[in-house]
Amino acid sequence: MTWKIHKGDTVHILSGKDRGKQGKVMRVVTKEGRLVVEGLNIVKKHQGKQSGTRQVGVIRMEAPMSASKVALVCPRCSKRARVGFRFLEDGRKVRTCHKCHETVD
Ligand SMILES: [Zn+2]
């Protein structure tokens, strides 16, 4: 399977508590089919003294969410779009937007 969402992409959340929001992809865990979106899917995590950091107590962090819960927001037309693929003349495979048919990469 070719991965459709890349690090740095803006995505639209389709389901869950952050449904309807948009954020930037910070990390993609390809193997698990999950990704981390900046500022979204925040979980509170208790951090103890044993961790070695000075910050003790509850910290907030982004938890990975299933890639099936997000849609790419096309940087060209700013709409959330399904992604297709196209081969360039030089053989490179690029992503294309189903809405505006522009190359996303
Ligand atoms: Zn587009």
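Just follow the structure's listing: the first ligand is 1, and inside any ligand the first atom is 1.
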Pair up each side-chain donor or acceptor in residues 62-73 with any protein partner under 3.5 Å, not counting sequence neighbours, and list the distances.
from: Glu62; atom 1: OE2; to: Gly39; atom 2: N; distance (Å): 2.7
from: Ser66; atom 1: OG; to: Ser68; atom 2: N; distance (Å): 3.2
from: Ser66; atom 1: OG; to: Ser68; atom 2: OG; distance (Å): 2.8

message = Taking N, O or S atoms only and a limit of 2.8 Å, check whether His98 reaches the Zn ion (ligand 1).
response = no
message = Counting C-beta onward and ignoring hydrogens, is there a side-chain heavy-atom pair between Asn41 and Lys17 closer than 4.5 Å?
response = yes
The Zn ion (ligand 1) reached by Cys100 (N, O or S, under 2.8 Å) = yes
query = So does Lys99 have more than 12 non-hydrogen atoms from other groups sitting under 6.0 Å from NZ?
reply = yes
query = Please state the angle at the Zn ion (ligand 1) spanned by SG of Cys77 and SG of Cys97: what is it, rounded to 10 degrees?
reply = 110°
message = Check this for me: Arg34, atom CZ, are more than 12 non-hydrogen atoms of other residues, nucleotides or ligands nearer than 6.0 Å?
response = yes
